[in-house]
There are 2 protein chains.
Amino acid sequence: MGSKTREMILKAARKAFSAHSYADVSMEDIAALAKVRKSLIYYYFPSKEDLFKEAWDEAFHELEDRVFGISEEDGKYMKKVKRFLRSYIDFLRNDRQSLRLIEREKTRFYSEKSQNWQHIKNKYDVFVQKVAGVISSETGKPAAEYARALTDIVGSSALLPEGQMSPDTIELIITKSIEH
Amino acid sequence: MGSKTREMILKAARKAFSAHSYADVSMEDIAALAKVRKSLIYYYFPSKEDLFKEAWDEAFHELEDRVFGISEEDGKYMKKVKRFLRSYIDFLRNDRQSLRLIEREKTRFYSEKSQNWQHIKNKYDVFVQKVAGVISSETGKPAAEYARALTDIVGSSALLPEGQMSPDTIELIITKSIEH
DNA sequence: TATTATATTGACTGAGTGGTCAGTTACTCA
DNA sequence: TGAGTAACTGACCACTCAGTCAATATAATA
């Protein structure tokens, strides 16, 4: 059940977690952003970790929908990889905040062992595998490492301040390095 | 003056700060690693921030030396950019821990306003500018954004677990995207 | 209106944190 | 040997933070 207050909290969490690292965001920060007392957050979410997980999941599903949910109709005359890359970069352009949230704690996946963090890590890994699938379906070659590099460069550019590295540049670099 | 104990603490700090984020590393952690009481750290370093700064500086100067300190003799027949890229990737290969430390808190540069963090940010920015200089000296075109992308992709790959994205792949991608 | 379920709060806890400091040990050199 | 200095310690402080909970306000319903 998505109560209005719950939504507000989740929205505030997404904003906070995309602007600062997990450790640097306190529950008080989120409460203040959502204009709510801290204790109320615990009425809707069992813990900080769970709140983060839900915020991350939300942002991540938006990314997945955007990048893999493109109907076959769209860009009929565009190659699969190009079409994919275009929507990925568009996501960077239009939903930078979500991408930030997704990317910010990437290194934590590998040190934290709790359920929530492993859940996130697994989802991300599957995503990278899917990206590799798209690429190798066109090049015919395995692309696991290449997909990792691709998601990494798009992701890290999202964490940079706006204007420091334009999505166009990213697209150019990736396109160049992918063709033949 | 570099006392033996001071060196030990610094070494422990470098290890800790390259394995976990600034916020996740406590002075107790570093003390334990260095086999020293926490209070002793404050005998040699005024604060956690200063300790981090010194650890970062050390690692960073190693990177600079390696990447820009190559004598003209070396690789006489290699193009400047290729030579530069080669040493950069070699640093990733051989001193991954240092590169991790350098890259890990990159996003913090932009939110923290204290002297120490700005010092770090400025040094890094100058580095990127130098990289841009190397590239544009050969291509003749401005390369600010490209340099930012390049350092970003090398840096972020250092944060990945070993073996997930090989330095060779990185080198290949960058080389491909740079030529022509 | 009285009763019950749902929302919301403020005051609190306990663990951990960066940092301080008075004091103790170990070393130096007159 | 003894005084002075450098290296080191343990106890402590102020503060932050995630999380708890009893108490209250609000809404729903009978």
Side-chain angles (χ1 to χ4, degrees), chain A residues 1-56 101 104-105 108 111-120, chain B residues 1-56 101 104-105 108 111-120:
Chain A
M1 29 106 161
S3 96
K4 205 78 201 165
T5 312
R6 211 189 121 98
E7 300 294 332
M8 292 295 295
I9 294 170
L10 207 47
K11 196 179 157 193
R14 285 185 59 166
K15 193 172 180 181
F17 285 133
S18 66
H20 304 281
S21 78
Y22 180 77
D24 285 335
V25 171
S26 74
M27 294 300 262
E28 291 282 10
D29 293 338
I30 297 169
L33 260 177
K35 273 161 194 153
V36 150
R37 306 300 135 202
K38 185 179 64 164
S39 35
L40 188 56
I41 300 181
Y42 287 93
Y43 181 73
Y44 292 102
F45 302 92
S47 71
K48 184 185 180 184
E49 221 181 85
D50 284 272
L51 176 53
F52 178 86
K53 182 198 158 193
E54 199 157 327
W56 191 92
L101 168 49
R104 190 167 292 264
E105 294 299 318
R108 199 178 288 265
S111 51
E112 300 272 353
K113 299 293 170 205
S114 85
Q115 284 253 233
N116 286 331
W117 289 107
Q118 287 309 302
H119 161 97
I120 289 175
Chain B
M1 28 121 154
S3 95
K4 206 78 202 166
T5 312
R6 210 189 122 98
E7 299 295 331
M8 292 296 294
I9 293 171
L10 207 48
K11 196 179 157 192
R14 285 185 60 166
K15 193 172 180 182
F17 285 134
S18 66
H20 304 282
S21 78
Y22 180 77
D24 285 335
V25 171
S26 74
M27 295 299 264
E28 291 281 9
D29 292 338
I30 297 169
L33 259 177
K35 274 160 194 156
V36 151
R37 307 299 136 201
K38 186 180 63 165
S39 37
L40 187 56
I41 301 181
Y42 288 93
Y43 180 74
Y44 291 103
F45 303 92
S47 70
K48 184 186 181 184
E49 222 182 82
D50 284 272
L51 176 54
F52 179 85
K53 181 196 158 193
E54 198 158 328
W56 191 92
L101 169 49
R104 174 147 287 168
E105 294 299 319
R108 200 179 287 266
S111 52
E112 300 273 352
K113 299 292 171 204
S114 85
Q115 284 252 233
N116 286 330
W117 289 106
Q118 288 308 303
H119 161 97
I120 288 174

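Below, read A as the first sequence line, B as the second, and so on, with proteins coming before strands; counting in each chain starts at 1.
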(request) Taking the side chain as every heavy atom from C-beta outward, state whether B:Arg104 and B:Ser18 have any pair of such atoms under 4.5 Å apart. (result) no
(request) May I ask you to decide if B:Val25's main-chain N or O and B:Lys48's side chain share a donor-acceptor pair within less than 3.5 Å? (result) yes
(message) Can you confirm whether B:Leu10 sits close enough to B:Glu54 that some side-chain heavy atom of one is under 4.5 Å from a side-chain heavy atom of the other?
(response) yes
(request) Would you tell me if any nitrogen or oxygen in the side chain of B:Ser3 comes within less than 4.0 Å of OP1 or OP2 on D:dA7? (result) no
(request) Kindly state each residue pair satisfying ring pair (Phe, Tyr, Trp, His ring centres under 6.0 Å) with at least one member in residues 21-41 of chain B, sequence neighbours excluded. (result) B:Phe17-B:Tyr22, B:Tyr22-B:Phe52, B:Tyr22-B:Trp117
(request) Take atom CD of A:Gln118 as the centre, draw a 6.0 Å sphere, and report whether it contains more than 12 heavy atoms from other residues, nucleotides or ligands. (result) yes
(message) Do A:Met27 and A:Tyr42 make a side-chain contact, defined as non-hydrogen atoms from C-beta onward lying under 4.5 Å apart?
(response) yes
(request) Would you please name every residue forming a side-chain hydrogen bond (donor to acceptor under 3.5 Å, both in side chains) with B:Ser111, sequence neighbours left out? (result) none
(message) Going by the rule salt bridge (Lys or Arg N to Asp or Glu O under 4.0 Å), which residues pair with B:Asp24 if we only count those two or more places apart in sequence or in a different chain?
(response) A:Arg108
I'd like a list of close polar pairs between nucleotides 26-29 of chain D and the protein, N/O only, cut-off under 3.5 Å.
none

(request) For the residue pair B:Tyr43 and B:Thr5, establish whether any side-chain heavy-atom pair is separated by less than 4.5 Å. (result) no
(request) Please report, rounded to the nearest Å, how far the P atom of D:dA18 is from the CG atom of A:Asp50. (result) 14 Å
(request) With rounding to the nearest 0.5 Å, note down the distance linking CZ in B:Arg6 to CG in B:Leu51. (result) 9.0 Å
(message) What residues from residues 9-27 of chain B pass a heavy-atom cutoff of under 4.0 Å to DNA chain C?
(response) B:Val25, B:Ser26, B:Met27
(request) Return the value, rounded to whole Å, for the distance between atom CG of B:Leu51 and atom C1' of C:dT17. (result) 15 Å
(request) Using a 4.0 Å heavy-atom cut-off across all strands, classify B:Tyr44 as base, sugar-phosphate, or nothing. (result) sugar-phosphate
(request) List in numerical order all residues of residues 28-43 of chain A for which some heavy atom is under 4.0 Å away from an atom belonging to DNA chain C. (result) A:Arg37, A:Ser39, A:Leu40, A:Tyr43
